[in-house]
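Input: a single structure, listed below in structure tokens.
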Amino acid sequence: VPVSRIRNFSIIAHIDHGKSTLADRLLQTTGTVSAREMKEQFLDNMELERERGITIKLQAARMKYTAQDGQDYVLNLIDTPGHVDFSYEVSRSLAACEGALLVVDASQGVEAQTLANVYLALENNLEIIPVLNKIDLPGAEPDRVKSEIEEIIGLDCSGAVLASAKEGIGITDILESIVYLVPPPQDTVEKPLRALIFDSYYDPYRGVIVYFRVMDGTLKRGDRIRLMASGKEYEIDELGVLSPTQVQVEELHAGEVGYLAAAIKAVEDARVGDTITLAGKQSSIEPLPGYTEAKPMVFCGLFPTDADQFEDLREALEKLRLNDAALQYEPETSSAMGFGFRCGFLGLLHMEIVQERLEREYDLDLITTAPSVIYRVTKIDGEVIYIDNPSLLPDPQYREMIEEPYVQVDMITPEEFVGPLMELSQSRRGVFKDMKYLTQGRTTLSYEIPLAEVVTDFFDQMKSRSRGYASMEYHLIGYRENPLVKLDILINGDRVDPLATIVHRDKAYYVGKALVEKLKELIPRHQFKIPIQAAIGSRIVASEHIPALRKDVLAKCYGGDISRKKKLLQKQAKGKKRLKAIGTVDVPQEAFMAVLKL
Ligand code: GTP
């Protein structure tokens, strides 16, 4: 089809507002996927994604649609991940589009994630089509939600589509709106090739599969290409479109969306946001704007419970990294924990996904230490260093100042929870920024909060204090200086470096006291008494002890054949509890996360 009949669009929505259901409907209605072959939620095909009900990897689908004007159109749907950790990937998939469907649950209204994604779409100059979904629900209030969208986003909603992805209502209206409202791509087929990578994944047989949008020029099978950011060159083995399964084609032109394989070894060589050009004499070509390297924001230590699994862990991380350019890791040795890795992630969700995959797909038993952010430390001699592991913070006499990353947290909540959410934000060292009343008792609330206070259980607390009704988004705003100190934990007299945390000076005593109390609960009794202390430098700020098991207790519970029963108990314990021996003390996994649960 001519470029004038191509439409590239994505769907932006808050979690659970119906993005996947609508995508499925569009694929069905256009006959791209028949009802029979339609797996539920076709686009979310990773196992983990499905279990968590969220979209992690973005993908694309090409649909043919005969519009009411009798013409055939090609509609390329580019899926976007729905989570704040992946907002860079969202922005790159939006950059590959000319329009976006803004799906809002008509029984709920605009949520924090809706807003964050709309701003990304506006930055990319997309035509935005509001879709009010779930109008089949008795609680749907499309008029209220329309005025909410108009007020908050300033988007005209007179042409908004009322839809139910579930019942199949309004689907044709949506397709027609895409055809009439989303502009076709510019016809720049005469220009030298530039294509934008918006996703990639590693395939063990064909190498990395790259998803891209051709912005200018033409790409043919067999072409030798150059990836501008990595500087590497490859020959295209396979070129195709996603309908939504991969179908090979000979060439793709400006405006089209497709995939290629070129024996690329790891996704880091074909990163999201990079520009594909033809290799050779194209030195005057400007890369497409917006490329940035993934920067980890959250770090933790990963240690095998069994030291023999260290090499297995290394191999597993290497494999995961082939498919995940944002995952960083380097070996870490801890006197308490032995050999492991310090890993960097885009955010908490990214961290959880990696941990789960390591355990599930690679069958590793891991101890995970509490997440830390990255601190900027200026030393006395003026040198600036970045610290992602609290135990490595230089002692006070060697440092001039410590700065920590701050994020702006934007929450949207029913009015009655404003108080509890302000209290929560203030207790996390938040600085009040802004509050606005929206429609009918809904409020936006913005705070600037240290990221370290957000990566603990902020999200869970926000949900529980608003009975699930509030939503939030956050973005990095920069580093700020604070009087921070390192709090060490000693178990049985040994400093346990993975338990060290960096806290605000004013909170140090409180955190120290709460932490030793929590550890006392979490660490099981041993045959001997175990002191647990919190210290700042050489000063002990809190201390507790775990009493020894008493002989008669043992006798009672091991009555009968002791060795046999013991074996049985150990077996049960192994299945239930993940323990790491630190000196002579067995410390369970939960203890390493204790700081998150204070
Ligand atoms: P994430 O992938 O988690 O971001 O969610 P999503 O936005 O893709 O939402 P999804 O399509 O998974 O839908 C969330 C829930 O809403 C599911 O239980 C759907 O069945 C339901 N749902 C989606 N559309 C409609 C609708 O039009 N009406 C009703 N009643 N339910 C709907």
Side-chain angles (χ1 to χ4, degrees), residues 9-29 32-33 35 38-61 77-87 89-91 93-94 100-118 120-121 128-146 149 160-175 177 199 244 346-350 352-353 356 412 459 463 468-469 471-473:
F9 72 103
S10 51
I11 305 177
I12 55 187
H14 188 74
I15 199 154
D16 276 350
H17 282 199
K19 187 174 71 154
S20 311
T21 311
L22 178 59
D24 287 353
R25 268 297 165 191
L26 296 176
L27 291 176
Q28 264 178 9
T29 308
T32 313
V33 176
M38 170 68 76
K39 281 188 287 174
E40 207 201 338
Q41 299 198 354
F42 196 92
L43 292 177
D44 291 14
N45 54 9
M46 269 170 74
E47 183 200 354
L48 267 178
E49 280 184 37
R50 192 177 292 235
E51 273 174 30
R52 288 162 172 263
I54 46 156
T55 315
I56 300 159
K57 287 303 272 187
L58 34 147
Q59 287 186 328
L77 165 59
I78 296 178
D79 198 20
T80 57
H83 192 271
V84 55
D85 285 5
F86 305 99
S87 67
E89 299 196 3
V90 176
S91 83
S93 10
L94 294 177
L101 299 176
L102 169 63
V103 174
V104 181
D105 183 334
S107 68
Q108 307 268 326
V110 173
E111 296 291 353
Q113 227 171 53
T114 328
L115 269 189
N117 287 333
V118 166
L120 289 176
I128 297 174
I129 302 170
V131 173
L132 302 175
N133 192 32
K134 307 201 188 183
I135 53 155
D136 59 293
L137 290 178
E141 302 175 274
D143 289 331
R144 173 182 72 82
V145 175
K146 268 192 207 174
I149 297 173
V161 183
L162 301 190
S164 164
K166 194 170 167 193
E167 307 290 331
I169 302 167
I171 307 301
T172 307
D173 290 345
I174 293 174
L175 289 165
S177 302
D199 193 16
L346 294 174
L348 282 185
L349 178 76
H350 185 213
E352 277 173 38
I353 291 166
E356 239 176 274
I412 296 186
F459 182 80
K463 279 288 175 199
Y469 283 110
S471 60
M472 67 173 265
E473 274 287 317

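Both ligands and their constituent atoms are indexed starting at 1 by order of listing. Keep in mind it's a predicted model, so treat the numbers as computed, not measured.
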Could you say whether the N/O atoms of [X] and ligand 1 ever approach to under 3.5 Å?
X: S164; value: yes
X: A163; value: no
X: A13; value: no

Self-check item: Residue L137 vicinity, atoms of ligand 1 by number, heavy atom under 4.0 Å
Solution: 30 (N)

Quiz item: Pick one: which of E111, K134, H14 meets side chain to side chain contact (heavy atoms under 4.5 Å, CB included) with D105?
Solution: K134

Quiz prompt | Nearest-0.5 Å distance that lies between atom CG in D199 and atom OG1 in T80 | solution = 11.0 Å

Self-check item: Distance (rounded to the nearest 0.5 Å) between D24 CG and T32 OG1
Solution: 11.5 Å

Quiz item: Minimum heavy-atom separation for A121 to L94, with atom names?
Solution: N-CD1, 3.7 Å

Quiz item: Evaluating non-hydrogen atoms only, which member of N133, L22, I169, D136 is closest to atom 24 (N) of ligand 1?
Solution: N133

Exercise. Run down the list H17, K166, K134 and name the one with the heavy atom closest to atom 15 (C) of ligand 1.
Key: K134

Side-chain donor-acceptor pairs under 3.5 Å in residues 160-167, sequence neighbours left out?
{"unit_1": "S164", "atom_1": "OG", "unit_2": "D136", "atom_2": "OD1", "d": "2.9"}
{"unit_1": "S164", "atom_1": "OG", "unit_2": "E167", "atom_2": "N", "d": "2.9"}

Quiz item: Quick one: does Q113's side chain have a donor or acceptor within less than 3.5 Å of a partner on I15's backbone?
Solution: yes

Quiz item: Heavy atom of H14 under 4.0 Å from ligand 1?
Solution: yes

